Amino acid sequence: MDELMEYYTSLIEHVKASSDVEGRLIEFEFLNYILDLLSDAGEFDDYTIVEDGRDSAGRWLVDGYSYDTSNFSLALFVTVLTSDETPLTFAKRDIEPSLNRLIKFIDIALNEPLLSASFEPTSSCYQVAQFIKDKWGEVSNIRLILVSNRPAADRMKEIKISDIEGRPCTVSRWDLKRIYNLESSRNEREEMVIDLKDAPLPCLVAHEAEGEKSILAVMSGNQLVSLYGQWGARLLEQNVRSFLQHRGKVNKGIRSTILRDSTHFFAYNNGLTTTAQDVTIEYTERGPMIVGLKNLQVVNGGQTTASIYSAYVKDKADLSNISVQMKLTVLSEEASSELVPKISRFANSQNKVSDADLFSNHSYHVRLEEFSRRIWTPVRAGQNAQTHWFYERARGQYLDAQAYLTPAKKRHFQLLNPRAQLLTKTDVAKIMNSWDCLPHEVSKGAQKNFAKFAEQVDAQWEKDDLFYNEAYFRQLITRAWIFRTFEKVVMKEPWYCGYRANIVTYAIARLSEEVCACSLEWNNDVLWRAQIIPEAILKELLSLGEKINGILLADDRPVGNPSEYAKRAMFWDKVKRLSCDIKDIGNLLISKEEAKEQFDESKAVQKTDDGIHAQERVLKTDKRVWSEIVSCLHDDDAATHNLIGILKIANHPTKLPSEKQSVVLAKLLDKYADRLTL
């Protein structure tokens with residue numbers, strides 16, 4: 001309990017400080033922090049906070065919303081916040097009034113003939129209401145998500161709610177305990193526990209080995225739709241390709257079979273390849289039945305899953321004849337991280353899966369983490385000492401680093417690693433893709449944007465991993481510093497009325513695009529050493545932000561909802577035509593040739609560092625491993641004279657391979673890691 005209260009105090013202090021700096025109500029600063037956390041955890045992708053969504057008369061409210069285009073699920077958010085020294089627990093009666101007002105907002109959006117009678121037409125809540133009205137025909141279910149920094153009472157039961165206008169509705173509660181458990185956990189996601197007691201799956205246990213069990217089953221189309229409707233893209237986390245909306249031949253074929261030849265669907269379809277961390281099987285008179293699963297993942301069959309769901313929701317397809325064969329591999333937690341990526345890679349045959357799809361274990365993250373722990377930023381305005389930007393490669397690292405520190409050492413850690421300088425993988429993707437002129441991708445939400453970023457990083461890493469050196473890290477931190485500073489100042493502008501995420505990414509992208517168009521680059525060395533963000537940069541970003549805001553909210557915009565408009569490439573095309581003046585920031589820019597010289601110097605340093613790290617790794621490797629690699633090379637007919645010579649040196653008890661030779665040996669260790677037994 002002490003740890004939970006410490007977390008509460010730390011969280012509320014951080015939110016209060018951010019609220020004071022940004023001039024934003026503490027409720028929305030808190031909501032923004034938690035929704036970022038939940039978005040990273042895959043609870044939803046894109047989201048929009050509605051800062052004017054509370055009726056002064058207390059009749060209705062909406063604090064934010066998210067719409068999942070993969071399973072047509074509408075999520076609406078409400079915040080219950082306290083700043084008491086010790087938060088009181090809450091029960092069902094404490095949150096029902098807020099939920100009822102949220103439901104009232106939906107009712108007005110759907111049934112009010114003239115929305116302007118209830119909402120100001122220029123307000124964000126009007127835009128949300130119009131969005132709900134426009135999308136209602138395809139909405140499959142509604143999730144009311146309550147976010148609170150108060151712990152729920154231990155005896156508080158699940159809140160059940162009636163359907164809304166024929167759409168199933170559920171209430172999801174993120175209270176202090178649940179938020180703390182997620183943020184302090186090293187798991188990227190909260191556990192997914194699936195209860196199948198009401199509709200158990202007949203199965204056959206086909207194979208058992210240490211840490212691994214293979215099961216065959218058949219799932220009905222309606223069961224698959226129910227699972228995907230509840231969990232959405234979380235079922236496909238290990239298969240991170242986005243659904244192709246029937247544009248690909250495979251998806252069109254699946255849809256056609258469902259609608260026109262459903263009796264042959266089972267024969268035509270390859271079925272699902274799935275994994276889980278645990279399974280509960282009951283043995284009945286009808287044979288073994290799966291009644292529970294933990295962390296189910298569809299590693300092959302994502303297109304089948306989403307196509308069946310889309311046909312059910314959009315085409316109102318009859319799924320009574322649809323069933324899908326399922327191969328389920330149950331893996332221990334220890335075996336899961338190693339085997340799931342291989343199962344995903346080997347099982348996928350319908351649509352190509354690149355290594356970028358398996359990006360969560362990429363060496364890029366390891367290198368960024370190492371930089372973030374080692375490199376100090378210069379002392380800046382408002383700071384008394386050098387600090388780190390803490391890169392959280394795995395969820396929970398930031399809290400875990402403080403878990404066993406004394407109060408004094410914890411304060412010291414937070415002084416050197418401020419929470420405001422914490423970076424997650426999706427933060428990095430959002431920041432870098434903004435500066436790299438992909439604001440329409442950033443606007444699609446954390447997960448879709450991250451997938452795009454991963455694809456680019458993977459390609460660059462294969463081409464030249466030395467690109468990701470200390471200069472790259474300093475560039476990332478400089479960009480993050482400007483990005484977050486702009487996020488704060490834009491909210492104080494008189495013209496600002498919401499859509500901060502879209503305004504920030506587009507303004508930064510437009511400024512960056514102008515610099516590139518003039519054949520210039522940012523002088524990152526100067527920006528890195530700067531004690532404050534140069535006023536000229538913020539001035540031009542604010543000027544661009546106001547123009548972008550005007551386009552985003554224009555009455556004649558071709559897409560009704562501003563957030564949806566910002567996801568389109570046509571919006572970026574329009575923003576690129578905005579005037580942008582960089583004459584006042586000329587002292588912060590250098591020629592491409594000068595920038596290349598700076599970067600080449602850093603690449604040379606990185607090459608040396610890689611050689612040293614590779615030597616350390618080679619020295620720590622058991623000599624017998626090199627003999628196994630020799631056998632692997634012979635098996636692959638890849639045993640060149642040069643490679644065998646380097647391996648002989650590695651296997652010699654007294655010889656030390658050079659840095660260059662060690663880099664080659666390290667690559668062989670990576671290449672044959674899955675075939676080595678020692």
Side-chain angles (χ1 to χ4, degrees), residues 15-33 35 47-56 61-65 79 115-116 118-131 381-382 420 434 439 442-443 481-512 514 532-557 559-566 571-572 574-585:
V15 171
K16 280 182 176 178
S18 298
S19 175
D20 291 341
V21 170
E22 301 191 11
R24 189 183 206 182
L25 287 177
I26 188 171
E27 286 84 358
F28 298 115
E29 196 60 37
F30 170 74
L31 183 61
N32 185 74
Y33 180 85
L35 293 189
Y47 69 85
T48 300
I49 289 177
V50 184
E51 296 188 31
D52 56 10
R54 297 193 169 197
D55 177 35
S56 58
L61 69 78
V62 59
D63 287 337
Y65 76 101
T79 313
L115 290 179
S116 57
S118 297
F119 312 116
E120 168 58 45
T122 59
S123 66
S124 297
C125 58
Y126 177 91
Q127 300 295 340
V128 179
Q130 188 64 58
F131 179 79
S434 294
V442 175
S443 296
W481 187 31
I482 295 173
F483 190 99
R484 289 187 172 172
T485 302
F486 182 43
E487 280 186 318
K488 295 174 184 176
V489 300
V490 74
M491 297 177 64
K492 300 176 183 178
E493 292 299 296
W495 49 262
Y496 175 76
C497 58
Y499 305 102
R500 179 178 71 164
N502 304 127
I503 291 169
V504 169
T505 185
Y506 271 95
I508 284 176
R510 177 64 188 95
L511 180 61
S512 185
E514 183 69 20
I532 58 172
I533 303 293
E535 187 65 30
I537 291 180
L538 291 178
K539 181 180 178 182
E540 186 56 31
L541 286 174
L542 288 171
S543 174
L544 287 168
E546 184 174 9
K547 296 172 190 173
I548 291 163
N549 183 66
I551 300 174
L552 201 59
L553 300 179
D555 291 336
D556 62 347
R557 60 182 181 273
V559 179
N561 185 270
S563 293
E564 293 299 309
Y565 188 20
F571 185 70
W572 175 224
K574 199 161 189 174
V575 170
K576 281 191 285 190
R577 293 196 289 271
L578 290 174
S579 61
C580 180
D581 187 358
I582 62 172
K583 66 177 185 296
D584 290 339
I585 60 173

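Quick caveat, the model's predicted, so the values are computed rather than measured.
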Ile585/Leu511 under side chain to side chain contact (heavy atoms under 4.5 Å, CB included): CA gap, chis, key distance, verdict | CA-CA 11 Å; Ile585 60 173; Leu511 180 61; 4.1 Å; yes
* To do: Please lay out, stage by stage, how Glu493 and Leu542 fare under the test side chain to side chain contact (heavy atoms under 4.5 Å, CB included).
  => CA-CA 8 Å; Glu493 292 299 296; Leu542 288 171; 3.7 Å; yes
Exercise for review: Give the C-alpha distance, both sets of side-chain angles, the deciding distance and a yes or no for side chain to side chain contact (heavy atoms under 4.5 Å, CB included) between Phe119 and Gln130.
Suggested key: CA-CA 10 Å; Phe119 312 116; Gln130 188 64 58; over 6 Å; no
- With side chain to side chain contact (heavy atoms under 4.5 Å, CB included) as the test, would you mind laying out the steps for Ser443 and Tyr499 before giving the verdict? CA-CA 10 Å; Ser443 296; Tyr499 305 102; over 6 Å; no
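Here the side chains of Glu51 and Glu27 are not in contact, with every heavy-atom distance at 4.5 Å or above. No side-chain heavy atom of Phe28 sits less than 4.5 Å from a side-chain heavy atom of Val50. Contact of the Val504 side chain with the Val490 side chain is registered, since non-hydrogen atoms from C-beta on lie closer than 4.5 Å. The shortest side-chain heavy-atom distance between Leu578 and Ile551 falls under the 4.5 Å cut-off. Side-chain contact between Lys574 and Tyr565 is present, with heavy atoms from C-beta onward closer than 4.5 Å. You'll find the side chain of Asn502 stays beyond 4.5 Å of the side chain of Pro562, heavy atoms only.
Rounding to the nearest 0.5 angstrom, the gap separating the CG atom in Asp63 from the CG atom in Leu35 is 9.5 Å. Taken from NZ in Lys547 to CG in Asn549, the straight-line distance is 13.0 Å, to the nearest 0.5 Å. From Ser579, atom OG reaches atom CZ of Arg510 across 7.5 Å, with rounding to the nearest 0.5 Å. Of the inter-residue distances, the one linking Glu487 atom CD with Ile482 atom CD1 reads 12.5 Å to the nearest 0.5 angstrom. To the nearest 0.5 Å, atoms CD1 (Ile503) and CD (Glu546) are separated by 10.0 Å. Separating the CG atom in Leu25 from the OG1 atom in Thr79 is a distance of 10.5 Å, to the nearest 0.5 Å.
Side-chain atoms of Ser123 come within 3.5 Å of backbone atoms of Glu120 as a donor-acceptor pair (strictly under, hydrogens ignored). Judged by distance alone, the side chain of Arg557 and the main-chain N or O of Ala554 form a donor-acceptor pair under 3.5 Å. Here the side chain of Thr485 pairs a donor or acceptor atom with the backbone of Trp481 at under 3.5 angstrom. Counting only distance, with no hydrogens or angles, the side chain of Tyr506 and the backbone of Ala566 share a donor-acceptor pair below 3.5 Å.
The shortest non-hydrogen separation linking Gly545 to Trp495 is C-CH2, 3.4 Å. Closest approach of Asp584 to Ala536, counting heavy atoms only: O-CB, 3.5 Å. Scanning both residues, Glu564 and Val559, for their nearest heavy atoms gives CB-CG1, 3.9 Å. The two atoms that bring Cys580 and Glu540 nearest to each other are CA-OE2, 3.7 Å, heavy atoms only. Considering every non-hydrogen atom in both Ser434 and Thr505, the closest pair reads OG-OG1, 2.7 Å. The minimum heavy-atom distance between Cys497 and Leu553, with the atom names listed, is SG-CD1, 3.3 Å.
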